Each structure stands twice: as C-alpha cells, then as structure tokens.
Number of protein chains: 2
Amino acid sequence: MAGFVSHFTNRLDAKGRVSIPAPFRAVLARDGYEGLYCITSSHCQAVDAGGNELCAEIEKCSEAFAKLSPDHDALSVALFGASENPKVDGDGRMTISDMIREHTGITDQVTFVGMKYKFQIWEPERFREYRAEAQKRAFAMLSGQAPASSGGEPA
Amino acid sequence: MAGFVSHFTNRLDAKGRVSIPAPFRAVLARDGYEGLYCITSSHCQAVDAGGNELCAEIEKCSEAFAKLSPDHDALSVALFGASENPKVDGDGRMTISDMIREHTGITDQVTFVGMKYKFQIWEPERFREYRAEAQKRAFAMLSGQAPASSGGEPA
DNA sequence: TGATTTCCCATGATATCCCATGTGAACCCG
DNA sequence: CGGGTTCACATGGGATATCATGGGAAATCA
C-alpha cells in the first residue's frame, strides 16, 4: 500500500550510520527514488524526510511567493538552507549529520515515524513525548471538526 | 455479502501468526485487496483493520489541514504513526506486531470483530467486557431515540 | 599522509514461504 | 436417510529469504 506508515527505532553504529526501515525504503523506491530529502522541521525537534512527494510539497510552499521577492528569498533560505540530501548506502543506511544531531538531539538511537507522504526522524524519548501530545491534539481536532460524510468515526 | 460482519476468535501460533477469518479475507479481496491496513484505536484497546475503504477514511481525516503545518503533522503522527501494513501470508495469516500486542494486550488468542466497513482486533476477554458495555449503550440509545417498532439500526 | 567516508561482505535474528495435518461441515451417493 | 467422502479452513513446522547491524578494506579529502 502507499505511503510511509508505522514507526521504527534503530540503533546508530560506531560510524554514525543507521538503517532506514525496509518498508520506508520500499516506499521511496516506489515513489521513484532519486535520493533522500531531509529538512529540519520548523515547529518540532524532528527532521522531515522523504522522496519526490516531499520535495514537491516543499516547492509548492515556496511557489506561493513571487520569485525575487523578499518573502520568497527568505522562505528559500529557511527551507533549502535547512535541507540535506544524505547518501544512502547499498544496505539502506544513511548517516546522521551534525545538523540533524543538533536539531533532534539524537545520540545513539533513531526513531523513524511514518506520516504517509513523508517520515520524520526523532530522538526516541523526544518522540514519545511529542506523540503523547500529538494524540491529544489529534483527538481535539477530530472531535471539533464536523463528522465526515460516511457514517462511522474513524479510529 | 457486503462488509465485515460477525466475530471470530483464533489462536496465535508459536511464531505470533494468526489466521484472518476466511469471511473477512473474502471481503478484503472484493474491496480490491492491496494489503491490510491496521491502526490502533484511540478510544479503546483495539486495532482497526481493513482495506482500501478504511485507508481512504483515515486519509480523509488528514486532508482537512495543510501539509507541513503543525496541525497536519500532529494529526499524521497520531494517525499514520500508529498504523501498520501487516503482511498476509499465502494461508491468510497475519503477524501480531509488538505495537498491536501492547495496545490490545493480546497474548495467545485474538478476536476479530466485523464492523461493516472495517473490523477490529481484540484480546478476547477485553472484547467481552467492551461488548457488554457497548450493548448497554446501544440499547439505551435506541430506546431513548427510536420508536419501539423500528426494526434495526440505521444504515 | 592521516582522518574520514564509501563500499562490500559477514552474521545472527527474524520474518516469509511452502507444505503437512487435523477437524468440522457440507456434500454426495447408495 | 445414513454413512462415507471431500472440502475449506485453522494450525503447525521446517526450510529459506530478509533485514539490521558490525567490521574490514578501498577510496576520498584536506
């Protein structure tokens, strides 16, 4: 099925490498893998990662402003300056850069969280905290929102 | 026969596998089976499972918010981070992941409960308790709202 | 040249595939 | 109508493939 789902926690090895979960690699390949795109999240201590689909989303974001305009420039710096294209080795591992380490606080373990069109990279303990918070917010959002057309409360 | 109905209890084997009830497999196949979609329920100790129809329902939820926004991210983590695509082997069995085990308390038996457009996965004893409670609620709702003569629940 | 990074292979644990078996229900046939 | 047969399905287990992880050697960089 399509998209990144579920979450996985893997260990960093002595060289700073970590295996990207196999199901996520499969999604990347299906999406027409051209390298992994990573960008630090602006509102949480995580890194967004993905393939073409994530790239397209980010570009769409910056296209909202006219090129050469101050706004566009500022946004470009903010977006692309905080981005990376980590290499993925033949065994499906990526290296955690210093930028990612600093932004996420990752030391020896990494949690990968599927979010359908992208996935996030977290320090496991911080993810647990964020997740608890996210679940509360999600519950509030869904119950505040008008019920969907087809009968039946999702999840 | 449309949708998942009735309920079944099957045993887990030593490898953590359990047979998905044959009638449910038939429904999945008719729905255009592309893999099983599972998501932990936010309001009870069960896992929602289904095919395309359930998947579409979940996606619709997250479409209410702009991608890359904090709200969308939180919702995605709560929904997709708590989801899985268990593989189904040639004999119609799925493996119960640790995530499902923890959320449901399943140890050696699994109850599958049809809910028309999806089905739920329960630890048998917890399901019995939930069911007793649900029946009370349903009865109260129906007798409070509907005329005594009405033959069944609304579609 | 010394320090990293990249590539490649080794390994243990786990998951997946494939086939065997038991059991109950449906079916057929006399 | 009764007895035997077949079938579908849940379950078990051995063989095999996949995956995360570790480490050495070659390549790259400064």
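Below, chains carry the letters A, B, ... as their sequence lines are ordered, and counting in each starts from 1. These figures come from a predicted structure and were not determined experimentally.
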message: Taking the basic N atoms (NZ, or NE/NH1/NH2) and the acidic carboxylate oxygens, is any pair closer than 4.0 Å for B:E129 and B:R126?
response: no

message: For B:F112 and B:F24, take the angle between the two ring planes, folded into 0 to 90°, and tell me which bin it lands in: parallel under 30, tilted 30 to 60, perpendicular over 60.
response: perpendicular

message: I need the CZ-C1' distance between A:R17 and C:dT4, as an integer number of Å.
response: 12 Å

- prompt: Quick one: A:D13 CG to C:dT11 P, roughly how many Å, whole number?
  reply: 18 Å

query: Between A:T9 and B:I20, who's closer to the 5' end of DNA chain D by nearest nucleotide?
result: B:I20

task: Please name the pair of heavy atoms, one in A:S97 and one in A:E84, separated by the smallest distance, quoted to 0.1 Å.
output: OG-OE2, 2.7 Å

message: Between A:R137 and B:D73 (salt bridge meaning N to carboxylate O under 4.0 Å), is one present in this structure?
response: no

field: Parallel, tilted or perpendicular: ring planes of A:F127 versus A:H7, cut at 30 and 60 degrees
entry: tilted

query: For the helix from C:dT1-D:dA30 to C:dG30-D:dC1, how many degrees between its two end axes (five pairs per end), to the nearest 10°?
result: 40°

task: Name every residue in residues 86-99 of chain B that has at least one heavy atom under 4.0 Å from any atom of DNA chain C, in order of residue number, or write none if there are no such residues.
output: B:K87, B:D91, B:R93, B:T95

- prompt: Between A:R93 and A:D91, is the closest basic N to carboxylate O distance under 4.0 Å?
  reply: yes

field: Euclidean distance, atom CG of residue A:L12 to atom C1' of C:dT5 [Å, nearest integer]
entry: 16 Å

query: Under 4.0 Å between a Lys/Arg side-chain N and an Asp/Glu carboxylate O for B:K60 and B:E63?
result: no

query: Rounding to a whole Å, what distance do you find between B:D108:CG and D:dG12:C1'?
result: 16 Å

query: Counting heavy atoms not belonging to A:E34, are there more than 12 under 6.0 Å from its CD?
result: no

- request: Find the distance A:R11:CZ to C:dG12:C1' and express it as a whole number of Å.
  value: 12 Å

task: Taking only the side-chain nitrogens and oxygens of B:R25, find out if one of them lies under 4.0 Å from OP1 or OP2 of D:dA10.
output: yes

- request: Would you mind reading off the distance between B:N85 atom CG and C:dA15 atom P, rounded to a whole angstrom?
  value: 16 Å

query: Could one point to a donor on the side chain of A:K15 or the base of C:dT6 with an acceptor on the other under 3.5 Å away?
result: yes

query: Got a sec: does the OH of B:Y33 have more than 12 other heavy atoms crowding it under 6.0 Å?
result: yes

